[in-house]
Amino acid sequence: MARIVMKFGGTSMAGIERIRTVANLVKREWEAGNEIAVVVSAMAGETDRLVNFCREASSLYDPREYDVVVSSGEQVTSGLLAIALQAVGVPARSWLGWQLPIRTSDGHASARIGDIDTRALNESLAERVVAVIPGFQGVATGERVTTLGRGGSDTSAVAMAAAMKADRCDIYTDVDGVYTTDPRIVPRARKLTKVTYEEMLELASVGAKVLQTRSVGLAMKEGVRVQVLSSFVGEDGAVRPGTLIVGEEEIDDMERQLITGIAHDKNEAKVTLVEVPDRPGAVAAIFGPLANAGINVDMIVQNVAHTTGSTDVTFTVPRADLPRALDTLDKERATIGFAKIVHDVRVAKISVVGVGMRSHAGVAATMFETLGSRGINILAITTSEIKVSVLIEEDYTELAVRVLHTAYGLDAPEDAAA
Ligand code: ADP
Ligand code: ASP
Ligand code: MG
């Protein structure tokens with residue numbers, strides 16, 4: 001007998017037919033004698049719809065009420081899955097975030113899970129009742145409902161697995177594992193049988209949305225065994241093995257590649273401050289106020305000084321924060337002393353990730369040469385120990401990912417293409 005958390009994403013929960021398929025997958029594990037908690041997402045598209053309602057109601061909506069609205073998608077699917085399970089003879093009940101409870105910080109719309117009370121859950125599992133838990137939601141001080149940020153059901157599942165000391169956390173989605181890049185962009189992307197926590201964390205943080213970044217960080221910290229696999233089963237109802245997220249020691253040298261994956265992110269915006277005085281403290285005057293406004297700056301480039309004693313500073317911020325960033329900088333204009341602000345949202349960040357980079361030179365050079373040979377201009381660069389990212393014009397995103405995938409030898413053989 002094992003304790004398993006099974007998480008199903010939006011596409012897997014999109015409609016009653018799909019929910020029935022999910023119920024049958026859960027039934028298989030339950031009939032095998034396992035203790036099961038299921039974490040569900042809202043139906044695909046539902047959270048977007050709810051977010052739009054809030055925006056329509058007021059552009060300055062109260063984030064506490066936003067959380068009440070957007071968490072409702074998961075309430076619906078958790079109840080529906082419990083009904084579907086009961087209908088196939090599996091005892092089940094739903095537990096909303098506040099009922100368990102799942103305690104979170106009060107950072108509405110991006111709350112962090114603090115503590116999960118598993119007493120009721122343990123009793124339920126001991127009685128062989130499947131617990132169905134809505135992902136993405138929790139409860140903060142004052143008993144206010146919170147949500148965990150977009151894609152947050154992955155984090156709910158991993159946190160649940162850690163709290164329950166589950167043997168496995170299986171994340172069922174609409175692809176059958178983690179690929180070398182988004183298989184919807186590169187059909188010749190290859191499925192990885194294993195990927196390290198560290199690489200998955202880096203891939204998720206630079207745009208591979210197959211797992212929410214926080215869920216990977218939490219799994220790494222708590223040592224949760226995560227598997228990504230598809231809920232779309234064949235005729236026989238059997239699930240195909242997916243991708244395991246593992247510690248580095250579990251990957252043998254034969255399997256190790258120089259580059260593990262490539263990701264892209266269209267959620268950043270580029271800002272350039274033109275003619276910033278070239279003197280000590282000038283950069284601090286720009287990034288201090290942005291930090292105080294809670295805006296994360298990602299890539300930064302400071303250009304060569306003009307003969308006039310000034311310099312241009314370019315950086316990126318999350319696209320959603322651009323209006324606030326521009327407003328913050330405008331208010332600081334006199335202190336910073338720049339001539340003008342230019343911004344561009346038609347940019348994309350392309351990143352290559354791999355632990356092999358630690359011991360091999362030339363990864364960045366290959367990236368620059370490959371993009372250059374296709375006439376793709378690089379607007380900014382950042383690196384970490386296991387990642388190189390470049391900012392390019394958004395129109396070239398798909399082309400850039402494809403040519404880099406080939407350049408690093410990641411393409412699947414022709415006959416094995418997905
Ligand atoms: P869910 O609703 O199940 O949480 P998501 O849409 O959040 O699913 O994540 C799954 C999607 O992630 C896939 O459909 C795929 O397009 C995308 N994706 C991006 N990068 C990768 C990658 N490297 N491997 C697999 N899928 C990826
Ligand atoms: N439904 C939420 C979202 O769309 C959470 C999730 O699916 O993980 O962001
Ligand atoms: Mg997701």
Side-chain angles (χ1 to χ4, degrees), residues 6-14 18 22 39-52 66-67 69-78 97 109-111 113 133-138 146-160 169-195 199-216 226-232 242-243 245 259-267 350-354 397-398 401 404-405 410 412 418:
M6 303 173 79
K7 180 259 171 178
F8 294 91
T11 321
S12 311
M13 298 302 291
R18 295 238 33 96
V22 166
V39 174
V40 293
S41 286
M43 295 192 193
E46 179 63 8
T47 310
D48 286 342
R49 195 175 77 97
L50 297 168
V51 169
N52 284 332
Y66 163 97
D67 277 350
V69 176
V70 301
S71 61
S72 66
E74 274 75 7
Q75 171 161 343
V76 172
T77 47
S78 58
S110 60
I113 296 180
I133 297 143
F136 187 48
Q137 59 171 252
T146 50
T147 63
L148 310 179
R150 297 306 304 271
S153 297
D154 297 330
T155 304
S156 306
V158 171
M160 194 58 67
C169 180
D170 290 342
I171 309 266
Y172 289 84
T173 182
D174 54 5
V175 282
D176 61 356
V178 178
Y179 280 70
T180 45
T181 194
D182 189 339
R184 297 188 197 284
I185 293 198
V186 180
R188 287 181 69 183
R190 269 190 291 135
K191 188 166 98 182
L192 302 164
T193 43
K194 290 178 187 166
V195 61
E199 287 167 310
M200 192 62 237
L201 187 65
E202 198 86 76
L203 278 170
S205 74
V206 292
K209 70 162 186 165
V210 61
L211 288 176
Q212 197 200 33
T213 310
R214 274 193 200 168
S215 71
V216 188
V226 175
Q227 185 180 191
V228 176
L229 66 179
S230 174
S231 68
F232 290 72
T243 302
I245 322 288
I259 295 301
T260 302
I262 302 176
H264 69 278
D265 184 358
K266 294 185 179 176
N267 288 314
I350 313 292
S351 307
V352 298
V353 172
T397 309
E398 282 74 16
V401 173
L404 290 171
H405 199 265
L410 296 175

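All ligand and atom numbering here is 1-based and tracks the order in the structure.
Considering backbone and side-chain atoms alike, D154 places every N or O at 3.5 Å or more from each N or O of ligand 2. Residue-to-ligand polar distances keep K7 apart from ligand 2: every N/O pair is separated by 3.5 Å or more. Inclusion of G151 in the set of residues having an N or O under 3.5 Å from an N or O of ligand 2 is warranted.
In this structure, the side chains of V210 and Y179 stay at 4.5 Å or more apart for every pair of heavy atoms.
Near ligand 1, K7, G9, G10, T173, D174, V175, G177, V178, Y179, T181, D182, P183, R184, A208, K209, V210 each place a heavy atom less than 4.0 angstrom from the ligand.
Looking only at heavy atoms of the protein, atom 6 (C) of ligand 2 is closest to S153 OG, 3.3 Å.
Here the straight-line distance linking atom NZ of K266 with atom OG1 of T397 works out to 4.5 Å at 0.5 Å rounding. The OG atom of S153 sits 12.0 Å away from the CG atom of L211 when rounded to the nearest 0.5 Å.
Less than 4.0 angstrom separates some heavy atom of S41 from each of these atoms of ligand 2: 6 (C), 7 (O), 8 (O). Atom numbering of ligand 2 starts at 1 in the shown order; those under 4.0 Å from a heavy atom of R150 are 3 (C), 4 (O), 9 (O).
The shortest heavy-atom distance from G152 to ligand 2 is under 4.0 Å.
D67 and T147 share a donor-acceptor pair across their side chains, judged by distance under 3.5 Å alone. With no hydrogens or angles considered, a side-chain donor-acceptor pair links T260 and E199 at under 3.5 Å. A donor-acceptor pair shorter than 3.5 Å cannot be found between the side chains of S351 and H264. Of the N and O atoms on the side chains of T11 and D174, at least one donor lies less than 3.5 Å from an acceptor on the other residue.
Proximity of E74 to ligand 2, defined as any heavy-atom pair under 4.0 Å, is confined to the side chain (atoms from C-beta onward).
Under the rule for a ring pair (Phe, Tyr, Trp, His ring centres under 6.0 Å), the partners of F8 that lie at least two apart in sequence or sit in another chain are Y172.
Geometric assessment of R18 against the ring of F232 yields a positive cation-pi assignment under the 6.0 Å and 45° thresholds.
Closest heavy-atom contact between T243 and L192: OG1-O, 2.6 Å.
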